[in-house]
Peer 1: 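One structure follows; several queries about it will come next.
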Amino acid sequence: MAEIKDPENTIIMMLKDGEVVIALLPDVAPKHSERMKELARAGKYDNVAFHRVIEGFMAQTGDVEHGNMESPSYNARRSGTGGSDLPDLPAEFSKLPHDRGTLGAARSQNPNSANSQFFINFKDNHFLNGQYTVYGRVISGMEHVDKIMRGEPPANPDRMITVRVAADVA
């Protein structure tokens, strides 16, 4: 595991193949970083499916409304259409590029519609620069992200088993 320099702004995501450590970027995107921590602390990301995973592009997840695979109301076709019960976030665009391993805020056509969904870039996707908020970076475990089942939606989707703020993990 990578050395964690700022536990309050580090996310530990457990996937089927192992742990992924994500450094949030509160200096670049404070509202998006805070939202991820709020939802993680509430357990909202636990068991949420990766509903859109495109080879050579990215893995998208975070629909806490429709994506919880343990919920009786889980429906793979609806996963990816929801957010959370919190208000949408304003865009926090920056000069940071969408490099391999960065987290981007998923949104609709409206730049100020990001809520709970996010994607992890499998490769440098610089065509996204300046259009989607970058608010985190995988610092270890990218090899586990690379193994996430592909599909839109995947026939047998992977999930975030647990998502925690490092400061809260004993």
Side-chain angles (χ1 to χ4, degrees), residues 1-2 4 6 9-29 31-40 44-69 76 79-84 89 91-108 113-154 156-166:
M1 189 165 84
I4 295 175
D6 181 3
N9 289 297
T10 303
I11 297 291
I12 299 174
M13 176 189 298
M14 185 57 67
L15 300 181
K16 73 179 186 318
D17 292 306
E19 198 170 81
V20 178
V21 180
I22 298 163
L24 295 176
L25 304 169
D27 51 328
V28 174
K31 290 178 173 67
H32 287 76
S33 297
E34 196 55 45
R35 174 63 54 85
M36 184 163 210
K37 292 190 296 185
E38 183 178 355
L39 292 170
K44 299 288 189 181
Y45 282 132
D46 295 358
N47 294 304
V48 172
F50 283 91
H51 62 268
R52 184 170 179 246
V53 186
I54 303 171
E55 181 65 42
F57 181 30
M58 57 89 217
Q60 187 169 325
T61 185
D63 179 351
V64 301
E65 184 179 2
H66 301 300
N68 183 337
M69 295 174 73
S79 185
T81 64
S84 72
L89 296 167
E92 294 178 296
F93 298 153
S94 69
K95 299 277 188 230
L96 282 182
H98 281 266
D99 288 339
R100 172 174 163 76
T102 54
L103 258 68
R107 60 172 177 78
S108 69
S113 64
N115 190 295
S116 62
Q117 291 190 45
F118 63 93
F119 57 90
I120 303 172
N121 288 292
F122 285 133
K123 67 177 191 69
D124 293 354
N125 289 314
H126 293 171
F127 66 94
L128 299 174
N129 293 354
Q131 299 177 65
Y132 293 84
T133 300
V134 174
Y135 65 100
R137 178 176 289 117
V138 173
I139 57 174
S140 76
M142 192 62 195
E143 68 276 14
H144 306 312
V145 174
D146 288 334
K147 294 178 185 171
I148 295 170
M149 182 65 63
R150 306 311 200 248
E152 294 184 77
N156 190 7
D158 285 321
R159 68 182 81 188
M160 298 183 285
I161 298 166
T162 58
V163 179
R164 299 290 178 262
V165 177

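Position 1 is the first residue of the sequence; numbering continues from there. When reading the values below, keep in mind they use all heavy atoms of this one structure, side chains included, and skip hydrogens, waters and symmetry mates.
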Peer 1: Any side-chain heavy-atom pair from Ile120 and Met142 closer than 4.5 angstrom?
Peer 2: yes
Peer 1: Taking all heavy atoms of Tyr45 and all of Val64, pick out the closest pair and write down the distance.
Peer 2: CD2-CG1, 3.7 Å
Peer 1: Do any N or O atoms from the side chain of Asp158 and from the backbone of Met149 form a donor-acceptor pair under 3.5 angstrom?
Peer 2: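 Such a contact is found between Asp158 side chain and Met149 backbone.
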Peer 1: Which atom pair, heavy atoms only, marks the closest approach of Ile148 to Ala59?
Peer 2: CD1-CB, 4.1 Å
Peer 1: I need the Arg107 CZ to Leu89 CG distance, nearest 0.5 Å.
Peer 2: 12.5 Å
Peer 1: Do Asn47 and Met160 make a side-chain contact, defined as non-hydrogen atoms from C-beta onward lying under 4.5 Å apart?
Peer 2: no
Peer 1: First locate atom CD of Glu38, then atom OG of Ser116, and finally report the distance between them rounded to the nearest 0.5 Å.
Peer 2: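 That separation rounds to 11.0 Å.
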Peer 1: Is Met13 close to Ile22 at the side-chain level, that is, under 4.5 Å between some pair of heavy atoms?
Peer 2: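 Result yes, sub-4.5 Å side-chain heavy-atom pair found.
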Peer 1: Is there a donor-acceptor pair under 3.5 Å between the side chain of Ser79 and the backbone N or O of His51?
Peer 2: no
Peer 1: I want to check something: taking the side chain as every heavy atom from C-beta on, are Met69 and Pro157 in contact at a cut-off of under 4.5 Å?
Peer 2: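 They are in side-chain contact.
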Peer 1: With side chains defined as the heavy atoms from C-beta onward, is the minimum distance between Leu96 and Val28 less than 4.5 Å?
Peer 2: yes
Peer 1: Test your reading of the model: is there a side-chain donor-acceptor pair from Asp124 to the backbone of His126, 3.5 Å cut-off?
Peer 2: no
Peer 1: For His98 and Tyr132, indicate whether the former's side chain and the latter's backbone hold a donor-acceptor pair under 3.5 Å.
Peer 2: yes
Peer 1: Quick one: CG on Asn125 to CZ on Phe119, what's the gap to the nearest 0.5 Å?
Peer 2: 7.5 Å
Peer 1: At their closest point, which heavy atom of Ala29 faces which heavy atom of Thr133, and how far apart are they?
Peer 2: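 Minimum heavy-atom separation between Ala29 and Thr133: CB-CG2, 3.7 Å.
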Peer 1: Any side-chain to backbone donor/acceptor pair from Thr10 onto Ile4? Under 3.5 Å, distance only.
Peer 2: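 Side chain of Thr10 to backbone of Ile4: no pair is present.
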Peer 1: What distance do Leu103 atom CG and Met36 atom CE have between them, rounded to the nearest 0.5 Å?
Peer 2: 5.5 Å
Peer 1: Strictly below 4.0 Å, N to O, side chains only: are Asp146 and Arg100 in salt-bridge contact?
Peer 2: yes
Peer 1: Roughly how far, to the nearest 0.5 Å, is OG1 of Thr81 from NE2 of His66?
Peer 2: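 His66 atom NE2 to Thr81 atom OG1 measures 4.0 Å (nearest 0.5 Å).
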Peer 1: Using only atom types and a distance under 3.5 Å, with no angle test, would you say the side chain of Asn115 pairs donor to acceptor with the backbone of Ser84?
Peer 2: yes
Peer 1: Answer yes or no: is there a donor N or O on one side and an acceptor on the other, between the side chain of Lys16 and the main chain of Lys147, under 3.5 Å?
Peer 2: yes
Peer 1: To the nearest 0.5 Å, what is the distance between CG (Asp17) and CD1 (Ile161)?
Peer 2: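 Separation between the atoms: 8.5 Å.
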Peer 1: In terms of side-chain geometry, is the basic nitrogen of Asp46 or Arg164 positioned less than 4.0 Å from the acidic oxygen of its partner?
Peer 2: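 Between Arg164 and Asp46 there is a salt bridge, with a charged N closer than 4.0 Å to a carboxylate O.
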Peer 1: Can you establish whether the number of heavy atoms outside Lys37 located under 6.0 Å from its atom NZ is more than 12?
Peer 2: yes
Peer 1: Side chains of Ile54 and Glu152: closer than 4.5 Å at any heavy-atom pair?
Peer 2: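 A side-chain contact exists here, since the closest heavy-atom pair is under 4.5 Å.
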Peer 1: Give a yes or no on whether the backbone of Gly83 and the side-chain of Gln117 come within a donor-acceptor separation of less than 3.5 Å.
Peer 2: no
